[in-house]
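One structure is given here, and the rest of the page talks about it.
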Amino acid sequence: PYTTLFRSDENKDYILITTPEGALKIQSFYGESRVKVVYLTLNDKERLLRCINREARQKNPDYNEVCRRFIADNKDFEKINPMNFKNIFCIETSQSINSCIGQWEEIYNNC
């Protein structure tokens, strides 16, 4: 997924979770210098397993919906190469949560 960090004119920070298309539109509207895109990376196998495990914890798991969302996400994310963004940062989410938080803090503190 793409997480978009946006700094307003009032120096307030906003975090949005969006599709690549949404991130491009936000960056285009507010300007590339004010909008930073954070791309969360994870291989497909691990991403699907995490979705299945999350769904298994639901009272009434809907694995068809997991499959639908997985396929829809693949379509959304194949259209736009993340490296075409200006001000893009990547976080490798297959690592520990502490590593991911550390990566996020480094990105945020350097923006």
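Not measured: the values here are computed from a predicted model. Count residues from 1 along the sequence.
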> Considering residues at least two apart in sequence or located in another chain, which fulfil the salt bridge (charged side-chain N to carboxylate O under 4.0 Å, His left out) criterion with Glu46?
Replying inline: Arg50

>> Applying salt bridge (charged side-chain N to carboxylate O under 4.0 Å, His left out), can you list everything that pairs with Arg54, at least two apart in sequence or on another chain?
In response: none

>> Among residues at least two apart in sequence or on other chains, which ones pass side-chain hydrogen bond (donor to acceptor under 3.5 Å, both in side chains) with Arg68?
In response: Glu65

> With sequence neighbours left out, what residues match Glu106 under salt bridge (charged side-chain N to carboxylate O under 4.0 Å, His left out)?
Replying inline: none

>> Let me confirm one number: the CD1-CZ distance from Ile26 to Arg34, rounded to the nearest 0.5 Å.
In response: 12.0 Å

> What residues form a side-chain contact (heavy atoms from CB on, under 4.5 Å) with Ser96, not counting sequence neighbours?
Replying inline: Asn98, Ser99

> Gln58: what forms a side-chain contact (heavy atoms from CB on, under 4.5 Å) with it, not counting sequence neighbours?
Replying inline: Glu55

>> Restricting to side-chain contact (heavy atoms from CB on, under 4.5 Å), what partner residues turn up for Asn64, sequence neighbours left out?
In response: Asp62

> At what distance, to the nearest 0.5 angstrom, does CZ of Phe89 lie from OH of Tyr108?
Replying inline: 13.0 Å

>> Checking Ile91 now: which residues fulfil side-chain contact (heavy atoms from CB on, under 4.5 Å) with it, not counting sequence neighbours?
In response: Val38, Leu40, Thr93, Cys100, Gln103, Trp104, Ile107

> Who else is in Ile71's hydrophobic cluster (ILVMFWY, side-chain heavy atoms under 4.5 Å, direct or via others)?
Replying inline: none

> Looking only at heavy atoms, what is the nearest atom pair of Gln27 and Asn87, with distance?
Replying inline: NE2-CB, 4.2 Å

> side-chain hydrogen bond (donor to acceptor under 3.5 Å, both in side chains) with Asn74: which residues, sequence neighbours excluded?
Replying inline: Arg47

>> Test question: given the 4.5 Å side-chain rule for I, L, V, M, F, W and Y, name all other residues clustered with Phe70, or answer none.
In response: Leu48, Ile52, Tyr63, Val66

>> We want to know whether Glu21 and Thr19 form a side-chain donor-acceptor pair, criterion being a heavy-atom distance below 3.5 angstrom.
In response: no

